[in-house]
Amino acid sequence: MKKRDDLTKDMPAIPATDLSRRRFMGAAAMAGVAGATGLGAAVMSRESFAAAAEAARNNFIVHPGELDEYYGFWSGGHSGEVRVLGVPSMRELMRIPVFNVDSATGWGITNESKDVLGHDNTFLNGDSHHPHISMTDGRYDGKYLFINDKANSRVARIRLDIMKCDKITTIPNVQAIHGLRLQKVPKTKYVFCNAEYVIPHPNDGTDTSLESSFTMFNAVDAETMEVAFQVIVDGNLDNTDADYTGKYACSTCYNSEKALDLAGTMRNDRDWAVVFNIERIEQAVKNGNFKTLGDSRVPVLDGREGSELTRYIPVPKNPHGLNTSPDGKYFIANGKLSPTCTVIAIDKLDDLFAGNLKDARDVVVAEPELGLGPLHTTYDGRGNAYTTLFIDSQVVKWNVADAIKHYDGEEVNYIRQKLDVHYQPGHNHASLTESRDADGKWLVVLSKFSKDRFLPVGPLHPENDQLIDISGEEMKLVHDGPTFAEPHDCILVRRDQIKTKKIYDRDDPYFASAVEQAKRDGVTLESDNKVIRDGNKVRVYMTSVAPMYGTTEFKVKQGDEVTVYVSNQDTIEDVTHGFCMVNHGVSMEISPQQTSSVTFVADRPGVHWYYCNWFCHALHMEMRGRMIVEKA
Ligand code: CUK
Ligand code: CUA
Ligand code: CA
């Protein structure tokens, strides 16, 4: 591998005027950050690497009919959904509605989805950031994907066998769930999630002062989706990750200042990363050493400075991402307003908690200077880290062991390469990087701005998710992928690590409440086409077999509350039906062997057509029927 000096020697320095594409950041803010850091301007240009680049080592072209090697799960940001992509083709395979409403599948409309979302359907929006896949012994087990909703302080679970959301939990006593990661070892027992903003307790308007405000680190039980405990912290909380022993989780705090104003949040040169001792927290819960807040019965523990449950490690400055290396050795905090990443040795944390270290900073084993605006770091499993530089619009590849040597005073260059990305990257994610299986093949960089990379589509631009081949010595950009608002993060999983169902099992818990209601009504969902009246509630049971509903006409009375249950009797993969009641806001998916149900009020007398809205057959247009509403 070439040293940085060799690489930069015959390379023209990038003139200061060549910063036009970086005008997104105010010049003043750039100068401020650069000035504060004193970082030199030497970066490696794309051209110099093009000259050195070898042919693509990974094959990123996936021909028609061929399958991708990896599943990618993308958060959908403030669209509230989760998207499934194939990697390396970057083809979008599916969307999984979660914190949103979706007219194709009926998410937010059907009873099955309301069982998950809540029947009051209070929140139609969401802001999903961090998708993570459940693990057993530090490896993705393909069972669940968890994701946070910053907008409404929720955590959702997606069953990966059917790729549907099956549970949503609202975290009590906090506002804005942001960072989310999973316990890796021995398995994902907890979903760790950070609440970002401090709020007063009680938050009932009696006291709105900062003095009585705090925020909490939360753990959700991955199986029951109940909140297991909450830990009060100093400052605020941004991102988080867990270790490979099951003992520790670590979160960044950018607002140690507890400031309300922007300038105030940047006052301190160092904020901190806070480490949570999961064993001690569990023990404290067991011993009853907790309180509760308000109506919630969740155990609340005090993890503020001085607590035995936490340790605060000073790190520079407004840190953002927190990423565990796949060898299990390090937590790495990304500096954001500092050009550095802070490497925390996990094997020193026992000593830190035991009180054997003079200074919490003794657990820091490296603090490499990487460039401007480090946000997130990912790993190739070969000892290299890849950090996004938001302000520089680059990904920097660096060697962790060399950074540690450098910190110890050795003359060694830890920077391996800097690659321009387009533009302003947030998260990046290498294949299998959050597990022991990190394979260093692909790197996805989620760039917040696309600017000139695509056909213009008006003032609102797509983002640009770029695919980079990292299988060789040098990173090689191979693909631009426009995405709609706003994937913050993604996770790449080998395709054999996910096992999906081709059709539903009839006893799938996803529609268990419909099955139970049918049982109470003496209806066999698989064969009966029946209308059951129960006061002014009417339950219409029908089957569907392409291209026919079992019921092509039913009668109700004006004002009836009608629930339609459709049970798809097709057993052929891919023959999904729909049910759409015209002018009633009713639309849903019924996949093979699935039962779906929807409830609405038949408030207008007359004839109302319903039809199948998933193309299922040559006679799909003919798959329809009439609801006749008699005048009251
Ligand atoms: S955060 Cu968005 S770029 Cu919510 Cu993971 Cu860093
Ligand atoms: Cu059934 Cu279209
Ligand atoms: Ca700060």
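For ligands, and for the atoms within them, numbers begin at 1 and follow the listed sequence. Counting from 1, the numbers follow the sequence of the chain as shown.
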Which ligand 1 atoms, with their elements, are less than 4.0 angstrom from a heavy-atom of [X]?
{"X": "His178", "answer": "1 (S), 4 (Cu)"}
{"X": "His376", "answer": "1 (S), 3 (S), 5 (Cu), 6 (Cu)"}
{"X": "Gly426", "answer": "3 (S)"}

Look at the N, O or S atoms of [X], main chain and side chain alike, and state whether any lies under 3.0 Å from the Ca ion (ligand 3).
{"X": "Asn255", "value": "no"}
{"X": "Ser256", "value": "no"}
{"X": "Asn318", "value": "yes"}

Is the shortest distance from a Lys or Arg side-chain nitrogen in [X] or [Y] to a carboxylate oxygen in the other one below 4.0 Å?
{"X": "Asp149", "Y": "Arg154", "result": "yes"}
{"X": "Glu112", "Y": "Lys164", "result": "no"}
{"X": "Arg267", "Y": "Glu257", "result": "no"}
{"X": "Lys258", "Y": "Asp234", "result": "no"}

(message) Any N/O/S atom, side chain or main chain, of His427 closer to atom 4 (Cu) of ligand 1 than 2.8 Å?
(response)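 No N, O or S atom of His427 is closer than 2.8 Å to atom 4 (Cu) of ligand 1, so no.
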(message) Check contact between Lys150 and ligand 1, using heavy atoms of the residue and a distance below 4.0 angstrom.
(response)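 Judged by the 4.0 Å heavy-atom criterion, Lys150 does not count as contacting ligand 1.
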(request) Could you tell me whether ligand 1 has any atom less than 4.0 Å away from a heavy atom of Asn239? (result)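 Distance cut 4.0 Å: Asn239 passes for ligand 1.
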(request) Show your working on ring-ring contact (aromatic ring centres under 6.0 Å, His included) between Tyr610 and Tyr549 and close with a plain yes or no. (result) CA-CA 10 Å; Tyr610 54 90; Tyr549 292 117; 5.4 Å; yes
(request) Report the member of His129, His130, His488 with the shortest heavy-atom distance to atom 5 (Cu) of ligand 1. (result)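 Comparing heavy atoms across His129, His130, His488, the nearest one to atom 5 (Cu) of ligand 1 lies in His130.
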(request) Look at the aromatic rings of His130 and His427 and report parallel, tilted or perpendicular, splitting at 30° and 60°. (result)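 Ring orientation of His130 relative to His427: perpendicular.
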(request) Return the orientation label for the Phe192 and Phe217 ring planes: parallel under 30°, perpendicular over 60°, tilted otherwise. (result)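 Plane angle under 30°, so parallel.
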(request) Give, rounded to 10 degrees, the angle between OE2 (Glu257) and OD2 (Asp271) as seen from the Ca ion (ligand 3). (result)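 It rounds to 120°.
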(request) Report yes or no: do Ser128 and Ser75 form a side-chain donor-acceptor pair below 3.5 Å? (result)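 No, Ser75 and Ser128 have no side-chain donor paired with an acceptor closer than 3.5 Å.
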